[in-house]
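Everything numeric here is computed off the predicted structure, so don't read it as measured data. Below, chains carry the letters A, B, ... as their sequence lines are ordered, and counting in each starts from 1.
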There are 2 protein chains.
Amino acid sequence: MTKKSVTKPPAETETAPRRRRRKEARPAEIIAAGMQEFALRGFAGTRLEDVARRAGIAKGTIYLYFEDKESLFMAAVRERVGPAILEVASFVDGFPGTTRELLQLVIPVLHQRLVQSDLHTILRIMIGEGSTFPGLTALYYRETVLRGRELLERIVARGRARGEIRDGAAADLPLVIMAPAIMSAIWQMTFMREAPIPPERFLAAHLDLITEGLLVPEAGR
Amino acid sequence: MTKKSVTKPPAETETAPRRRRRKEARPAEIIAAGMQEFALRGFAGTRLEDVARRAGIAKGTIYLYFEDKESLFMAAVRERVGPAILEVASFVDGFPGTTRELLQLVIPVLHQRLVQSDLHTILRIMIGEGSTFPGLTALYYRETVLRGRELLERIVARGRARGEIRDGAAADLPLVIMAPAIMSAIWQMTFMREAPIPPERFLAAHLDLITEGLLVPEAGR
DNA sequence: AGGCTTAATGACCAAAAAGTCAGTTACGAA
DNA sequence: TTCGTAACTGACTTTTTGGTCATTAAGCCT
């Protein structure tokens with residue numbers, strides 16, 4: 001092996017240039033490729049080399065657009081997560097029906113957004129590696145979790161005002177309303193292989209648990 | 001720097017020997033130190049060097065007792081998780097009271113075991129890095145998750161037989177019963193810093209949601 | 001006290017992957 | 001057509017860390 005900083009001899013049909021200059025399109029492509037690799041290997045486990053290959057560029061190009069690996073991930077959070085929450089929030093205000101109907105509308109969307117899409121990837125990375133990267137966690141909390149909490153709180157406040165939601169510890173921590181959706185996302189990512197449970201079953205159980213509770217109304221007190 | 005494979009010159013007060021031979025105590029100590037580091041940095045992020053320092057030994061000593069990093073983690077799962085589940089399972093059989101009473105007894109224990117103790121560390125690593133290490137996931141599913149599912153299924157079957165649990169999608173997927181506990185564990189590990197919510201609030205909301213449901217019994221249908 | 005077994009050590013090795021930069025080339029402007 | 005800019009490349013450097021092994025010494029046995 002005596003080659004040393006020698007570039008490859010092209011010598012082939014020069015139909016399409018091997019390189020393209022596409023300053024505008026690159027960032028989005030790199031983010032997309034990054035999310036796919038992050039989903040596969042987690043944050044620490046992802047090699048920028050692989051992200052580059054998936055995006056069809058060289059590793060160095062990534063550093064043209066992003067400071068480092070962490071910046072890339074943060075950019076992904078910003079681009080993907082923001083819109084999802086806003087979309088759900090929009091139809092809570094001014095919804096005409098009962099709380100039951102509202103929940104039956106919102107919870108499926110929650111599942112769809114959390115289990116489908118890239119959101120579950122981000123969720124997984126936050127859980128698994130958040131403590132190693134406090135900056136990521138803070139950003140994710142502000143941009144996603146906090147908005148989600150506000151949304152749920154608005155639903156509960158509305159339901160209470162209409163006399164449709166019981167006072168009690170559950171209503172005091174609206175966050176728990178979405179616990180089954182989170183569990184579903186975790187299950188799909190983690191134990192799908194060992195014991196497949198379709199997301200629809202989680203969704204059905206979720207709706208049933210929240211709207212009806214587990215026990216028969218009159219049983220024991 | 002000209003030292004080369006030269007050991008340090010002791011030349012100090014020879015009160016206690018710097019090394020001890022303690023074949024029996026080491027494994028447990030290494031596991032304990034490992035769990036602490038895993039909790040702090042995740043699986044991939046943990047340096048065996050740090051585990052060794054925490055255990056007060058040299059890195060090489062770890063390899064005297066464990067094949068590699070993965071074996072160490074697996075040993076930790078086996079040692080910690082097994083007993084916890086069995087303990088809970090024991091008082092479900094032959095419990096005399098109502099399902100409501102049983103849940104009010106079981107769910108707090110679930111929280112305690114999941115949020116306190118090392119269990120939440122293992123949970124976090126499974127979620128975050130399980131897909132990178134399928135062997136770990138399979139072991140964890142067999143030793144923990146499956147046993148937990150069986151436990152919940154037994155509770156639901158018992159409650160149905162006594163006419164205390166409603167038929168419905170929630171009862172068909174007993175797994176969802178523990179969703180709020182998992183959410184609590186995740187919250188403590190991940191967003192504690194951003195927005196502290198004490199585990200007791202999750203526990204209270206959990207009990208309330210499972211036993212009473214969210215909506216007022218008669219509202220809208 | 002001397003010898004022997006083996007637990008324990010930590011310098012070292014090799015692999016992997018993040019990050020750098022001198023050189024290459026697409027492509028718009030002159 | 002030529003030229004200059006800067007997008008792009010990928011070999012190289014650096015850092016990090018899992019895993020090895022020759023050497024040391026604790027502690028038992030005789």
Query - Gap between atoms NZ and C1', on A/K23 and C/dG28 respectively (whole Å) - result: 15 Å
Query raised in the report: What integer distance in Å separates A/K69:NZ from C/dG19:C1'?
Result: 12 Å
Requested in this report: Using only side-chain N and O atoms of A/R22, determine if any of them is under 4.0 Å from OP1 or OP2 of D/dA7.
Outcome: no
Report task. Calculate the interatomic distance between B/R47 atom CZ and C/dA17 atom P; express it in whole Å. Result -> 17 Å
Query raised in the report: Does a nitrogen or oxygen in the side chain of B/R20 sit under 4.0 Å from OP1 or OP2 of D/dA25?
Result: no
Requested in this report: Round to the nearest Å and state the distance from B/I57 atom CD1 to C/dA7 atom C1'.
Outcome: 11 Å
Query raised in the report: Just by distance, with hydrogens left out, do B/R147 and B/Y141 show a side-chain donor and acceptor under 3.5 Å apart?
Result: no
Report task. Select one nucleotide: of C/dA8, D/dG19, D/dA11, the one nearest the side-chain heavy atoms of B/L64. Result -> C/dA8
Requested in this report: Using whole Å, report how far CG of A/L48 lies from P of C/dT20.
Outcome: 11 Å
**Report entry** Check ion pair A/E150-A/R154 (N to O, under 4.0 angstrom)
**Finding:** no
Report summary line: Among D/dC8, D/dG19, C/dA18, the one nearest any side-chain atom of B/K59 is D/dG19
Query raised in the report: Charged N to carboxylate O under 4.0 angstrom, B/E129 versus B/R124?
Result: no
Query raised in the report: Which nucleotide in the set C/dT6, C/dT25, D/dT9 lies at the smallest distance from any side-chain heavy atom of A/R21?
Result: C/dT25
Report task. Check whether any side-chain N or O of A/T137 sits under 3.5 Å from a backbone N or O of A/G130 as a donor-acceptor pair, and report yes or no. Result -> yes
**Report entry** Minimum-distance nucleotide (side-chain atoms of A/Y65 versus C/dT9, D/dC8, C/dG19)
**Finding:** D/dC8
